[in-house]
*Asks:* 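My structure is below; once you've seen it, I'll send some questions.
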Amino acid sequence: MVDLDYCVVGAGFAGLTAALRLKQAGHSVTLLEARDRIGGRTFTVNRDDGTWIDRGGAWIGPGQDRIDALMEEFGIPSYKQYVDGDAMMFIDGKTYRYHGTIPMSMSPFAVANLGVVFLELTRMCKSIPPEAPWTAPKAHKWDQVTWAKWLDGNTLSTPARQLLESAVSGLYTSAASELSLLFCLYQMAAAGGPSFVLGVKDAAEDARPVGGMGAIHRAVAAELGDVVQLSQPVRSIAQDAEGVTVRSEDRVVRARRAIVTVPIAIASHILYEPMLPVDRSFLHQRMPSGAVFKIAMVFDEPFWRADGLSGQSFAPGSAANLTIDSCTDTGSPGILTAITEGLEARELCKLSDADRRKAVLAAVAERFGDKALSPLDYIEHNWTVERYSGGGMIAHTPPGVLTEYGPALRRPCGRIHWAGTESSALMYGFIDGAVRSGERAAAEVVEHEAMATS
Ligand SMILES: Cc1cc2nc3c(=O)[nH]c(=O)nc-3n(C[C@H](O)[C@H](O)[C@H](O)COP(=O)(O)OP(=O)(O)OC[C@H]3O[C@@H](n4cnc5c(N)ncnc54)[C@H](O)[C@@H]3O)c2cc1C
């Protein structure tokens with residue numbers, strides 16, 4: 001006997017979208033979420049002054065048409081990222097203040113090296129089919145090499161090397177020596193090429209929803225109503241000939257099929273009965289996430305704007321790798337975000353809260369002056385230690401994994417189907433990828449159920 005058509009596990013964007021599409025299509029569905037909030041790796045906190053802070057995923061951009069469509073469906077407008085003024089980069093012991101994507105005042109040798117590498121990455125990405133990167137003509141060769149090793153052979157200029165190493169491995173919040181080259185190329189290809197992922201002007205994520213990601217969560221949750229069950233960490237999923245039995249903290253749900261959207265880095269925390277097929281089971285052991293802090297600092301006004309600065313800065317090796325203007329659509333108060341990733345984030349984890357705050361503020365003040373030392377509010381989120389995220393921002397594959405286990409990423413295991421941004425062929429790792437995966441999985445369970453009963 002089954003009580004429901006479908007059970008969705010995890011209420012990030014993938015799970016919320018899957019449940020929404022199933023409910024809208026007239027199916028009975030329950031969504032079990034471990035945390036006492038929805039949103040997963042997106043988490044918006046509303047402030048008394050009417051502004052909001054996105055403590056996790058925040059930006060959207062061109063080509064991300066599924067998150068766009070969801071926002072349009074619920075009438076949520078977006079606004080453009082503030083980019084007027086100069087950006088700053090601190091690399092190889094030098095300071096650059098510039099406009100555009102890279103400082104053209106770097107040595108011509110470094111700029112030329114960056115240009116050549118960029119063209120080569122673009123060319124390599126074109127040979128990768130995002131639906132099945134493991135079938136690319138050079139997939140096996142590229143999956144045996146790390147991002148660090150590939151840079152060894154393709155960068156001759158030290159600043160170019162530092163920039164590329166930090167920019168790419170920072171995204172995956174891990175060391176360049178941990179990342180498969182094929183994975184990096186695939187993630188870039190899944191977003192249309194390296195321009196989007198490396199933040200090249202007019203191609204990168206450059207907008208935010210008014211009200212933050214929480215504005216979307218709230219609207220979707222209102223439509224889902226009591227479909228969403230919070231504080232229900234799923235412990236086990238058993239499947240038999242008729243359906244699945246999903247056991248959470250204090251619920252037992254019987255449904256025809258389950259869609260699991262938990263981050264792949266922690267998908268093995270659920271006990272599957274019978275055990276999953278070996279490729280899926282091993283995939284769960286082989287897709288780690290990394291370390292990342294996102295810290296919002298609130299000031300009376302965005303004082304950096306008056307100083308002719310955009311708020312964007314990049315300083316690999318520092319306690320604040322990146323900064324970005326994160327003001328709301330009104331531009332007041334001033335909100336500056338620092339993001340620290342990978343190795344530097346792991347170092348920050350070892351400090352006391354007070355020492356970490358001091359280190360981050362000192363790093364930010366070096367760039368923006370002493371005003372940065374006294375924010376009205378300092379809101380730190382350490383995704384590295386989030387039990388139900390398994391780290392942040394997204395999972396990657398180390399060498400050898402994508403070619404050996406990639407085909408298991410989306411393949412259903414009996415009555416268990418998989419969603420989550422890491423299962424998306426397009427926009428892997430982005431919020432848009434999560435939405436796409438939820439919509440794909442919702443269609444997939446219905447199709448499989450129809451096939452099984454016909
Ligand atoms: C700091 C940071 C910044 C980012 N910035 C951006 C950005 O600007 N733009 C962008 O596009 N992307 C960004 N991302 C990535 C983006 O947030 C993710 O790609 C996206 O939110 C993933 O959605 P998801 O639904 O696949 O997974 P998740 O959001 O992780 O959702 C999975 C859900 O499963 C739940 N769960 C886990 N275990 C269980 C269990 N056992 N039982 C029940 N529920 C469980 C979790 O609590 C969670 O709610 C960022 C991520 C981070 C961490």
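Order of listing sets the numbers, starting from 1, for every ligand and every atom in it.
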*Asks:* Looking only at distances, please establish whether an N/O atom of ligand 1 is found under 3.5 Å from an N/O atom of Arg55.
*Replies:* no
*Asks:* Of the side chain and backbone of Trp59, name the one, both, or neither that has a heavy atom under 4.0 Å from an atom of ligand 1.
*Replies:* both
*Asks:* Name the closest protein heavy atom to atom 49 (O) of ligand 1, giving the residue it belongs to and the distance to 0.1 Å.
*Replies:* Glu33 OE1, 2.6 Å
*Asks:* Could you tell me whether Arg35 and ligand 1 have an N or O pair separated by under 3.5 Å?
*Replies:* yes
*Asks:* For ligand 1, which atoms, with element, lie under 4.0 Å from some heavy atom of Thr421?
*Replies:* 19 (O), 22 (C), 26 (O)
*Asks:* As an exercise, identify every atom of ligand 1 less than 4.0 angstrom from a heavy atom of Val262.
*Replies:* 34 (O), 36 (N), 37 (C), 38 (N), 39 (C), 40 (C), 45 (C)
*Asks:* Which protein non-hydrogen atom lies closest to atom 5 (N) of ligand 1, naming both residue and atom, and how far is it?
*Replies:* Gly57 CA, 3.2 Å
*Asks:* Per the side chain to side chain donor-acceptor pair (under 3.5 Å) rule, which among Gln81, Glu205, Gln64 passes with Trp59?
*Replies:* Gln81
*Asks:* Which atoms of ligand 1 sit under 4.0 Å from any heavy atom of Thr261?
*Replies:* 32 (C)
*Asks:* Name the residue from Arg415, Arg256, Arg254 that meets the salt bridge (charged side-chain N to carboxylate O under 4.0 Å, His left out) definition with Asp5.
*Replies:* Arg256
*Asks:* Looking at side-chain heavy atoms only, is the closest gap between Ile53 and His381 below 4.5 Å?
*Replies:* no
*Asks:* For Tyr82, enumerate each residue passing the ring-ring contact (aromatic ring centres under 6.0 Å, His included) test, keeping only those at least two apart in sequence or located in another chain.
*Replies:* none
*Asks:* Below 3.5 Å, N or O to N or O, backbone or side chain included: is there any such pair between Ile270 and ligand 1?
*Replies:* no
*Asks:* What protein heavy atom lies closest to atom 25 (O) of ligand 1? Include the residue and the distance to one decimal.
*Replies:* Ala14 N, 2.9 Å
*Asks:* Nearest to atom 2 (C) of ligand 1, what protein heavy atom do you find, and at what distance?
*Replies:* Met393 CG, 3.7 Å
*Asks:* Heavy-atom contacts with Val9 under 4.0 Å: which atoms of ligand 1 show up? List them by number with element.
*Replies:* 42 (N), 43 (C)
*Asks:* What part of Glu205, side chain from CB on, backbone N/CA/C/O, both or neither, has a heavy atom under 4.0 Å from ligand 1?
*Replies:* side chain
*Asks:* Just to verify, which of Tyr428, Trp134, Trp147 counts as forming a ring pair (Phe, Tyr, Trp, His ring centres under 6.0 Å) with Phe183?
*Replies:* Tyr428
*Asks:* What atoms in ligand 1 come closer than 4.0 Å to a heavy atom of Pro263?
*Replies:* 30 (O), 32 (C)
*Asks:* Measure the distance from atom 44 (N) of ligand 1 to every protein heavy atom, then report the residue, atom name and distance (to 0.1 Å) of the closest one.
*Replies:* Ala34 N, 3.1 Å
*Asks:* Identify, with sequence neighbours excluded, every residue that meets ring-ring contact (aromatic ring centres under 6.0 Å, His included) alongside Tyr96.
*Replies:* none
*Asks:* Taking only heavy atoms of Phe430 into account, list the atoms of ligand 1 that are under 4.0 Å away from them.
*Replies:* 10 (C), 11 (O), 12 (N), 19 (O)
*Asks:* Numbering the atoms of ligand 1 from 1, which are under 4.0 Å from a heavy atom of Thr42?
*Replies:* 17 (O), 21 (O)
*Asks:* At under 4.0 Å between heavy atoms, which part of Leu32 makes contact with ligand 1: side chain, backbone, both or neither?
*Replies:* backbone
*Asks:* Any idea which protein heavy atom is nearest atom 31 (O) of ligand 1, and the distance to it?
*Replies:* Gly12 CA, 3.3 Å
*Asks:* Could you tell me whether Phe196 and Phe430 have their ring centroids closer than 6.0 angstrom?
*Replies:* yes
*Asks:* To check your reading of the model: name the closest protein heavy atom to atom 19 (O) of ligand 1, its residue, and the distance in Å.
*Replies:* Gly429 O, 2.8 Å
*Asks:* Tell me whether Ser389 reaches ligand 1 (any heavy atom closer than 4.0 angstrom to a ligand atom).
*Replies:* no
*Asks:* Please list the nearest protein heavy atom to atom 24 (P) of ligand 1 with its residue and the distance rounded to 0.1 Å.
*Replies:* Ala434 CB, 3.8 Å
*Asks:* Going by heavy atoms, is Gly438 under 4.0 Å from ligand 1?
*Replies:* no
*Asks:* Number the atoms of ligand 1 from 1 as they appear, then name those within less than 4.0 Å of a heavy atom of Pro233, with their elements.
*Replies:* 42 (N)
